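Structure incoming, see below.
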Number of protein chains: 2
Amino acid sequence: MTKPQDVFARYLADQNLKMTPQRRLILDTFLKQNDHLSSEELYAKVKRRDKSVGQATVYRTLKLLNESGLIEPLDFADGVTRYEMSYGESHHDHLICESCGENIEILDETIEARQEELARQHGYTLTRHKMYLYGICEKCRKKK
Amino acid sequence: MTKPQDVFARYLADQNLKMTPQRRLILDTFLKQNDHLSSEELYAKVKRRDKSVGQATVYRTLKLLNESGLIEPLDFADGVTRYEMSYGESHHDHLICESCGENIEILDETIEARQEELARQHGYTLTRHKMYLYGICEKCRKKK
DNA sequence: GTAACTGCAAAGGGTTTGCATATTG
DNA sequence: CAATATGCAAACCCTTTGCAGTTAC
């Protein structure tokens with residue numbers, strides 16, 4: 001499969017945009033720690049490698065990475081937008097602990113199938129979906 | 001069933017909080033147009049009935065209404081928090097047309113059950129979930 | 001009476017934007 | 001060299017908070 005770096009380069013070229021050291025560094029940093037990073041967290045990591053990079057550039061680059069199809073915004077309802085790699089990764093949903101923030105990736109074929117079916121019943125063609133399960137994990141429950 | 005107004009009054013009394021004309025008006029306005037209102041939209045409607053009400057009071061009252069169990073925050077990822085009546089309403093998810101914005105409320109027992117089961121398997125106690133299905137509705141599909 | 005509530009305006013947090021300068025293709 | 005990107009700081013949007021004065025219980 002094409003490397004993420006190449007996908008991004010390709011996207012930029014197609015849009016008449018330019019590859020820059022900053023964009024390279026930001027994507028690279030994101031790829032290294034492919035967690036569910038927020039823009040600010042990524043900014044901190046990027047800054048460790050190159051102090052001169054500005055916060056706005058990180059925000060702008062994340063937007064481009066999203067448009068290029070490499071990453072996707074997540075919504076953990078914690079006030080910040082987080083991103084995860086979507087290119088070459090299989091789809092999954094999230095199970096989130098409301099107490100400690102732990103985040104488990106889940107996938108259930110029964111649910112996926114029912115979602116398609118439900119949409120179809122309403123005359124919809126499904127393009128995507130978001131499902132977040134919020135709860136309390138075992139550790140946190142026992143702490144109380 | 002107990003009226004929403006009474007549920008709210010009861011909640012306030014229990015918490016040693018006070019019923020005020022503003023709180024009454026805000027709940028009343030919300031009940032009248034039980035859409036998926038944002039705080040600002042509600043504020044605009046409230047203001048039409050009483051110009052003297054402040055924006056902060058609407059925010060504060062929505063928080064109280066949520067705590068009382070009457071309403072619940074929604075997250076359509078459009079930058080604002082919206083609320084919908086939850087008291088006396090059955091839980092449901094949303095099927096949204098990406099083209100025209102149509103929003104259908106859906107509920108599927110198979111999915112609900114699987115969600116509980118999935119959480120349980122990971123040691124989680126589920127408190128809530130969000131599921132949004134995005135697609136294209138029949139009308140929009142045929143328009144093209 | 002006194003704890004809770006109000007409106008106002010200011011502050012807050014995350015994100016975006018305007019601008020002068022620097023860089024890419 | 002022309003179009004894009006950059007860093008900085010200011011602006012932005014939605015929401016929360018501090019405060020002095022008001023009101024419900």
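Below, chains carry the letters A, B, ... as their sequence lines are ordered, and counting in each starts from 1. Computed from heavy atoms alone, side chains included, the values below leave out hydrogens, waters and symmetry copies. As the structure is a computational prediction, the values presented were derived from the model and not from experiment.
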Next on the checklist: Using heavy-atom distances to pick each residue's nearest nucleotide on DNA chain D, tell me which of B:Ala56 and B:Met19 is more 5'.
Outcome noted: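 Between the two, 5'-proximity favours B:Ala56.
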Checklist entry - Whole Å only: how far is the CD atom of A:Gln55 from the P atom of C:dT15? => result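 In whole Å, C:dT15 P lies 9 Å from A:Gln55 CD.
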Checklist entry - Can you check the A:Tyr43 OH to C:dG13 P distance for me, whole Å? => result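 My rounded result for the distance is 16 Å.
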Next on the checklist: Measure CD/A:Glu40 against P/C:dG14 and give the value in whole Å, please.
Outcome noted: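 Going from CD in A:Glu40 over to P in C:dG14 covers 5 Å.
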Checklist entry - Between D:dA5 atom P and A:Leu65 atom CG, what is the distance in whole Å? => result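 Checked: the CG to P distance equals 13 Å.
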Item to check | B:Thr20 or A:Val58, whichever maps to the more 5' nucleotide of DNA chain D | outcome: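 Between the two, 5'-proximity favours A:Val58.
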Checklist entry - Does a side chain donor of either B:Tyr83 or B:Glu72 reach within less than 3.5 Å of an acceptor in the other side chain? => result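 There is no such pair (donor and acceptor under 3.5 Å, judged by atom type) between the side chains of B:Tyr83 and B:Glu72.
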Checklist entry - Counting just side-chain N and O atoms, does A:Gln22 come under 4.0 Å of either OP1 or OP2 of D:dG7? => result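 Yes, because at least one side-chain N or O of A:Gln22 sits under 4.0 Å from OP1 or OP2 of D:dG7.
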Checklist entry - If you count the non-hydrogen atoms of other residues, nucleotides and ligands that lie under 6.0 Å from CZ in B:Arg128, is the total more than 12? => result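 Counting other residues, nucleotides and ligands, CZ of B:Arg128 exceeds 12 neighbours.
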Item to check | Atom-pair distance (CZ on B:Arg23; P on D:dT23), nearest Å | outcome: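 Those two atoms, CZ and P, are 15 Å apart.
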Item to check | Of B:Gln15 and B:Ser52, the one whose closest DNA chain C nucleotide lies more 5' | outcome: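 Comparing both residues, the 5'-ward one is B:Gln15.
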Next on the checklist: Is it true that, when you exclude A:Arg49 itself, more than 12 heavy atoms of the residues, nucleotides or ligands shown sit nearer than 6.0 Å to its CZ?
Outcome noted: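 Counting neighbours around CZ of A:Arg49, more than 12 heavy atoms of other residues, nucleotides or ligands fall under 6.0 Å, so yes.
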Item to check | Ionic contact status for B:Arg141 with B:Glu138, cut-off 4.0 Å | outcome: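 No, no charged N to carboxylate O under 4.0 Å.
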Checklist entry - What integer distance in Å separates B:Lys18:NZ from C:dA4:C1'? => result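 About 4 Å, once rounded to whole Å.
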Checklist entry - Just to confirm, is there a sub-4.0 Å distance from OP1 or OP2 of C:dT15 to any side-chain nitrogen or oxygen of A:Tyr59? => result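 Yes, A:Tyr59 has a side-chain N/O under 4.0 Å of OP1/OP2 on C:dT15.
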Item to check | SB check B:Asp14 B:Arg10 (cutoff 4.0 Å) | outcome: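 Here B:Asp14 pairs with B:Arg10 in a salt bridge, since their nearest N and O are under 4.0 Å apart.
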Checklist entry - Within the structure shown, what part of the strands sits under 4.0 Å from A:Ser38 by heavy-atom distance: base, sugar-phosphate, or nothing? => result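 Counting heavy atoms under 4.0 Å across all strands, no contact is made by A:Ser38.
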Checklist entry - Hey, are A:Tyr43 and A:Lys47 close enough side-chain-wise for a donor-acceptor pair under 3.5 Å? => result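 Present: a donor and an acceptor within the cut-off.
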Next on the checklist: For the helix from C:dG1-D:dC25 to C:dG25-D:dC1, what angle separates the axis at the start from the axis at the finish, each from five pairs, in steps of 10°?
Outcome noted: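 Axis angle across the helix from C:dG1-D:dC25 to C:dG25-D:dC1, nearest 10°: 30°.
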Next on the checklist: Between A:Leu17 and B:Val53, which residue's closest nucleotide on DNA chain C lies nearer the 5′ terminus?
Outcome noted: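 Between the two, 5'-proximity favours B:Val53.
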Checklist entry - Where the side chain of B:Arg60 is defined as all heavy atoms beyond and including C-beta, which of D:dT4, C:dT6, D:dC8 is the nearest nucleotide? => result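 Side chain of B:Arg60 sits closest to C:dT6.
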Checklist entry - Nearest-Å distance, CG (B:Asn16) to P (C:dT2)? => result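 These atoms are roughly 16 Å apart.
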Checklist entry - Are B:His129 and B:His91 close enough that their ring centres sit under 6.0 Å apart? => result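 For B:His129 and B:His91, the ring centres are under 6.0 Å apart.
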Next on the checklist: Under a 3.5 Å threshold, yes or no: a donor from one side chain and an acceptor from the other, between B:Glu102 and A:His122?
Outcome noted: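 Not at all, the side chains of B:Glu102 and A:His122 share no donor-acceptor pair under 3.5 Å.
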Checklist entry - At under 4.0 Å between heavy atoms, what does A:Lys51 touch on the DNA or RNA strands: base, sugar-phosphate, or nothing? => result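 If one applies the 4.0 Å heavy-atom cut-off, A:Lys51 turns out to touch nothing in the nucleic acid.
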Checklist entry - Please give, in whole Å, the distance from C:dG25 P to A:Asp14 CG? => result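 The distance from CG of A:Asp14 to P of C:dG25 comes to 14 Å, rounded to the nearest Å.
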Item to check | Below 4.0 Å: OP1/OP2 of D:dT15 and any side-chain N or O of B:Thr81 | outcome: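 Indeed, a polar side-chain atom of B:Thr81 lies that close.
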